[in-house]
Amino acid sequence: MTDTLPPRTADLPAQWNPGEVEGGMYERWVEAGYFTADAASDKPPFSVVLPPPNVTGSLHIGHAFEHTLIDILVRRRRMQGYETLWLPGMDHASIAVHTLVEKALAAEGTSRRELGREAFIERTWAWKAEHGGAILAQMRRLGESVDWSRERFTMDDRSNRAVRTIFKRLFDDGLIHRAERMVNWSPDLGSVLSDIEVEHREVEGELVSIRYGDGPDALVVATTRVETMLGDTAVAVHPDDERYAHLVGREIELPLAGRMIRIVADTHVDPEFGTGAVKVTPAHDPNDFEIGRRHDLPMPTIMDESGRIADTGTEFDGMDRFEARVAVREALRSQGRIVAEKRPYLHSVGHSSRGRKEPIEPRLSLQWFVKVGPLAEAAGDAVRSGDVTVHPKELEPRWFGWVDNMHDWCISRQLWWGHRIPVWYGPAGEVVCLGPGEEPPTGWTQDEDVLDTWFSSALWPFSTLGWPESTPDLEKFYPTSVLVTGYDILFFWVARMMMFGLYAMDGRRPFATVSLHGMVRDQSGKKMSKSAGNTVDPIVWMDAYGTDAVRFTLARGANPGTDVPIGEDAVQASRNFGTKLWNATRFAMANGATPALPLPAHPTDADAWTLGRLREVQQQTDALLEDYQFAKAIEGLYHFAWNEFCSWYIELAKPQLAEPGTADGTRGVLGHVLDALLRMLHPVTPFITEALWQGLTGGESVVVAPWPVDAGAPVDEAAARRVTDLQKLVTDIRRFRTEQRVPDSRRVAARLTGLHEAGLGRHAGAIGSLVRLDAPSAGFAPTATVEVALAAGTVHVELDTSGAIDVGAERARLGRDLAAAQKELDQADRKLGNPKFVDKAPADVVHGIRARRATAAADIERVAARLAALPS
RNA sequence: GGGCGCGUAGCUCAGCGGAAGAGUACUCGGUUUACACCCGAGCGGUCGCAGGUUCGAACCCUGCCGCGCCCA
């Protein structure tokens with residue numbers, strides 16, 4: 001046990017110093033075993049897997065956001081008595097790590113080929129041991145209540161066993177196969193990428209029109225990729241296009257290459273675009289590939305794996321694709337075949353989302369694929385049937401749009417860091433897929449490729465619990481309760497977990513709920529990016545304002561599925577809130593507040609109001625958190641804590657504490673409300689609430705304190721109304737004082753009449769202390785009167801402001817009141833003057849408008865009289 | 001090109017059929033025994049535009065304009 005925290009309230013320091021306390025506090029929680037799940041427990045389970053961050057990564061603001069939200073859910077459930085498991089771990093990030101190590105090797109003047117596969121992988125594990133997982137320490141800093149005893153890695157042995165088990169099962173079911181297809185090729189990586197690793201971006205290119213053939217039957221085709229003409233095997237036109245009908249079936253000479261190519265008719269061609277004739281390069285364009293298949297065209301590959309022109313037998317062989325684009329264009333120009341050029345020509349080009357983000361190259365290639373049809377259908381059905389719910393519901397269409405139109409998933413990568421494809425080839429061309437523990441015959445060779453990183457991530461919710469073994473963890477904690485992640489990763493990851501989870505676990509969903517959050521943006525709502533220079537390091541803010549302030553800010557902005565803009569101002573405001581809580585608790589403790597005292601048998605109006613509000617806030621917080629509405633839940637707590645409890649109850653408590661009859665009750669109420677409030681805030685701001693709660697209650701730890709149920713007391717409507725009236729009265733008198741420029745510090749003699757009739761008779765003292773009024777002495781000579789209309793009557797406040805009042809200011813104040821009342825009256829009259837309204841609107845609405853009209857009319861009369869009474 | 005979503009106070013966002021809200025920023029005034037990381041008061045909006053439905057529209061429908069994202 002560390003002793004970073006003072007054991008008792010009296011020693012609560014004047015200031016909260018997060019930096020000095022947080023670290024020790026976190027380690028104590030871990031040592032106490034609060035975060036360690038027990039699979040043998042009788043408690044109901046609540047389990048979450050951490051979306052595994054890349055082993056290369058460090059904690060950025062997006063992680064901090066997501067992890068905070070998960071921690072809020074987990075900490076609350078823990079307090080509610082669930083057996084909670086939040087399982088941490090990291091992703092092996094195949095491409096990122098592979099690239100990183102290759103770069104390091106290049107810097108040393110060597111390469112992975114030179115090193116060899118085994119040494120390369122050894123080297124990569126060494127890199128991981130030395131540099132990987134920086135994020136884990138930062139997660140501790142953020143206070144995440146994860147179970148470190150269950151930390152996992154997507155490339156550890158158990159993950160590998162899960163990967164090989166499911167691969168074999170899919171293979172045997174005919175859901176994994178090898179095929180030559182059009183794929184997204186990254187010449188930079190020398191590997192294929194899946195569709196979702198490709199980003200389409202508008203770029204300024206060129207549209208070049210080229211004349212094929214000569215004479216009257218020449219055709220003009222337009223292209224943004226001149227260099228691919230070397231691989232053309234046809235020109236296509238629309239079958240209904242009369243301009244070209246006579247040419248279909250004939251051949252035409254391909255310039256530069258000198259080959260004869262066919263002219264085919266295909267409905268894919270848009271006759272409106274360009275000349276209505278298009279060149280067809282089946283091996284280097286997905287659409288052309290389809291045309292090629294339909295017409296049985298040859299599919300020569302004219303580019304090698306590094307993106308250089310190859311095997312065309314022309315002078316262009318060996319040129320880089322971009323170099324070749326210019327060279328081919330100029331060669332055509334010199335032959336007089338360039339008919340038109342449009343530059344810049346804006347069009348969409350697929351780019352790699354990895355590595356150098358270069359344009360991807362569509363390429364015909366032999367790869368492994370998962371046949372997603374039946375898997376994706378099951379993933380869609382799980383949401384359609386309500387077995388899995390998506391929060392917020394508005395994002396469901398996005399889910400269906402994806403899973404219902406999913407393309408087969410290319411899972412092989414021409415890399416070395418990753419799970420190697422468990423398929424072996426025999427000397428006579430045999431192919432065998434082996435499960436874990438199975439050995440290939442000697443002399444057989446394993447497939448060279450590794451699996452897409454997302455293949456192992458897709459197993460995360462059950463591979464981490466021990467699958468394929470039937471373990472106690474799997475038994476207790478599968479399916480997981482909720483998956484919290486960003487909408488940007490819905491398809492990368494969530495869809496695949498759903499497919500594999502349902503498949504591997506015989507139809508049992510991997511999680512009951514998907515709660516989607518947005519992206520963290522900068523304070524003006526812009527996407528954060530390194531290039532824009534608007535990224536923020538959450539650690540820097542934690543250093544400056546404390547971890548709780550950062551967490552509070554992030555969670556406070558978390559409206560479901562929408563982005564959260566965040567700036568330093570907001571973090572400061574959160575820090576200020578913490579300070580407010582700190583000081584309020586210190587005040588309460590200094591006055592002997594403790595939840596150990598019973599609530600008063602005869603609560604004052606202020607007591608009853610606060611306890612009633614606490615009950616309402618607690619119920620509202622529960623409802624909102626159950627619905628993953630973090631922002632609203634936290635806003636409610638913030639408002640109650642600051643604007644109601646601190647601003648009003650504590651102020652009203654001061655006179656109550658001075659009164660022997662109410663002092664003990666007030667201590668009990670202060671202690672009770674703070675106790676519940678601190679417990680409700682703990683999931684969001686774990687550190688400061690721990691310090692305060694331990695101080696206030698002397699309890700072991702708020703981490704394992706029970707979540708408040710039936711906090712406070714049922715609402716006392718009458719008491720609540722009197723407090724509302726009191727607030728209105730106090731605010732109006734303050735307004736008068738401010739506008740008459742009576743300094744806040746100056747006490748003013750005043751006579752209040754009508755207080756008893758308004759039901760506020762018992763509050764005269766409190767009002768006096770809140771507005772700094774003194775009882776009138778002999779010879780009291782009021783210089784001004786303020787009238788405040790309340791629910792049960794109007795209170796007249798006569799004040800001696802010691803001298804003439806500022807008539808202009810008073811006239812302005814009353815004028816504004818009058819205008820507001822007049823506007824109200826006009827609105828009401830307009831509605832009531834409409835017979836259709838009175839006829840058709842519900843009775844309670846009409847009644848409400850009549851009541852408003854009546855108050856407005858009374859206000860006008862009263863204020864007008866006051867205005868008239870003002871000296872001119 | 002197809003789909004989804006968004007345009008509400010200077011800024012960031014709630015509200016989604018019956019009186020325009022919050023935080024922040026801003027203005028003014030404050031050494032009131034918890035707190036200046038504070039207290040008190042205030043300013044600020046034809047709810048993108050144009051039609052329609054309705055007794056009633058920020059809210060429902062249609063079109064337009066502007067912005068974002070996803071997919072091709």
Side-chain angles (χ1 to χ4, degrees), chain A residues 12 14-16 195-196 198-200 270 273 286-287 348 350 394-398 400-402 405 407 487-488 490-491 518-519 521-527 545-546 549 553 556-557 559 561-567 569-570 572-591 629 631-632 634-636 638-639 642-643 646-647 650-651 653-654 670 730-747 769-772 813 816 823-824 827-828 830-832 834-842 844-846 848-849 851-853 856:
Chain A
L12 209 58
Q15 278 206 330
W16 167 239
D195 288 348
I196 54 178
V198 175
E199 293 168 349
H200 290 267
D270 176 7
F273 182 79
N287 292 320
S348 177
E394 296 91 272
L395 287 171
E396 267 187 14
R398 215 154 150 160
F400 294 129
W402 179 259
N405 302 297
H407 299 151
Y487 60 70
D488 58 324
L490 196 60
F491 312 138
M519 309 287 101
R521 293 172 174 272
D522 75 7
Q523 57 218 343
S524 52
K526 286 204 198 68
K527 203 171 189 167
Y545 303 106
T553 307
R556 193 184 186 188
N559 284 117
T562 61
D563 292 344
V564 36
I566 182 172
D569 282 357
Q572 270 178 30
S574 300
R575 182 270 319 263
N576 295 351
F577 177 64
T579 308
K580 189 75 183 174
L581 266 185
W582 185 265
N583 287 314
T585 309
R586 266 180 66 229
F587 167 82
M589 293 191 314
N591 284 282
Q629 305 218 45
K632 289 192 189 97
I634 289 159
E635 205 56 44
Y638 177 93
H639 182 262
W642 198 317
N643 302 111
C646 289
S647 293
I650 287 188
E651 293 310 317
K654 288 173 183 171
L670 283 169
V730 165
T731 303
D732 266 17
I733 300 172
R734 281 175 176 164
R735 188 157 76 109
F736 172 84
R737 287 186 59 132
T738 296
E739 301 200 353
Q740 288 301 320
R741 308 209 166 254
V742 178
D744 292 350
S745 53
R746 194 164 105 217
R747 303 196 66 89
S769 95
L770 285 167
V771 210
R772 304 184 74 71
R813 181 177 77 91
R816 278 196 304 274
K823 188 180 164 197
E824 180 78 8
Q827 270 183 356
R830 212 175 312 131
K831 290 203 168 192
L832 294 168
N834 179 352
K836 287 181 182 166
F837 169 74
V838 182
D839 194 38
K840 294 200 173 182
D844 59 321
V845 173
V846 177
I849 299 283
R852 278 169 50 201
R853 207 209 97 90

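The chains referred to below are lettered A, B, ... by the order of the sequence lines, with proteins before strands, and numbering in each begins at 1.
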Cation-pi between A:K654 and A:F587: NZ/CZ under 6.0 Å from ring centre and within 45° of the ring axis?
yes
Donor-acceptor contact below 3.5 Å, side chain A:R737 vs main chain A:R772:
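Yes; judged by distance alone, with no hydrogens or angles, the pair exists.
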Presence of A:W642 side-chain N/O under 4.0 Å of B:A34 phosphate oxygens OP1/OP2
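The answer is no; no side-chain N or O of A:W642 sits under 4.0 Å from OP1 or OP2.
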Is the shortest side-chain N/O distance from A:N591 to OP1 or OP2 of B:A34 below 4.0 Å?
no
Ranges pairing with ranges for RNA chain B, where each run has three or more Watson-Crick or G-U pairs under 3.5 Å:
B:1-7 with B:65-71, B:10-13 with B:21-24, B:26-30 with B:38-42, B:48-52 with B:60-64
Separation of atom [atom1] in [X] from atom [atom2] in [N], rounded to whole Å:
X      : N     : atom1 : atom2 : answer
A:F577 : B:G23 : CZ    : P     : 13 Å
A:Q572 : B:U24 : CD    : P     : 11 Å
A:R830 : B:C55 : CZ    : C1'   : 14 Å
A:I650 : B:U33 : CD1   : P     : 15 Å
A:E635 : B:U24 : CD    : C1'   : 11 Å
A:R737 : B:G30 : CZ    : P     : 13 Å
A:F736 : B:G29 : CZ    : C1'   : 15 Å
A:N583 : B:U33 : CG    : P     : 14 Å

Mind listing the closest non-hydrogen atom pair of [X] and [Y] along with its distance?
X      : Y      : value
A:A631 : A:G557 : CB-C, 4.1 Å
A:L670 : A:A588 : CB-CB, 4.3 Å
A:A549 : A:S574 : O-CB, 3.3 Å
A:A14  : A:R586 : O-NH1, 3.3 Å
A:I849 : A:F837 : CG1-CZ, 3.9 Å

Sequence-distant partners of [X], salt bridge (Lys or Arg N to Asp or Glu O under 4.0 Å), two or more places apart:
X      : value
A:R734 : none
A:R852 : A:E824
A:D563 : A:R521

Work out how far the [atom1] atom of [N] is from that of [M], and round it to whole angstrom.
N     : M     : atom1 : result
B:G21 : B:U31 : C1'   : 34 Å
B:G40 : B:G51 : P     : 45 Å
B:C43 : B:A9  : C1'   : 10 Å
B:C6  : B:C55 : P     : 28 Å
B:A50 : B:G15 : C1'   : 24 Å
B:A19 : B:A58 : P     : 11 Å
B:A20 : B:U46 : P     : 14 Å
B:U8  : B:G68 : P     : 15 Å

Less than 4.5 Å apart, any side-chain heavy atom of A:T579 and any of A:W16?
no
Which part of the nucleic acid, if any, lies within contact of [X], taking any heavy atom under 4.0 Å across all strands shown: a base, the sugar-phosphate backbone alone, or nothing?
X      : answer
A:E199 : nothing
A:R556 : sugar-phosphate
A:R586 : sugar-phosphate
A:R747 : nothing

Report each atom pair, protein N/O against N/O of nucleotides 14-21 of chain B, whose distance is under 3.5 angstrom.
{"residue": "B:G15", "atom": "OP1", "partner": "A:K632", "partner atom": "NZ", "Å": "3.3"}
{"residue": "B:A19", "atom": "N3", "partner": "A:E824", "partner atom": "OE2", "Å": "3.0"}
{"residue": "B:A19", "atom": "N3", "partner": "A:R852", "partner atom": "NE", "Å": "2.5"}
{"residue": "B:A19", "atom": "N3", "partner": "A:R852", "partner atom": "NH2", "Å": "3.4"}

Residues in side chain to side chain contact (heavy atoms under 4.5 Å, CB included) contact with A:D270, at least two apart in sequence or another chain:
A:E272, A:F273
Those residues that, when tested against [X], pass side chain to side chain donor-acceptor pair (under 3.5 Å) (two or more places apart):
X      : answer
A:K840 : none
A:R853 : A:D829
A:R735 : A:D817
A:R816 : A:E739

Distances under 3.5 Å between nitrogen or oxygen atoms of protein and nucleotides 1-5 of chain B:
none

Taking the nucleotide of RNA chain B with the nearest heavy atom to each, does A:E651 or A:N643 sit closer to the 5' end?
A:N643
With nearest nucleotides of RNA chain B determined for A:R575 and A:D563 from heavy-atom distances, which residue corresponds to the more 5′ nucleotide?
A:D563
Looking at B:U24, B:C39, B:A22, which one has an atom nearest to any side-chain atom of A:K580?
B:C39
Sub-3.5 Å pairs of nitrogen or oxygen atoms, protein against nucleotides 40-42 of chain B:
none

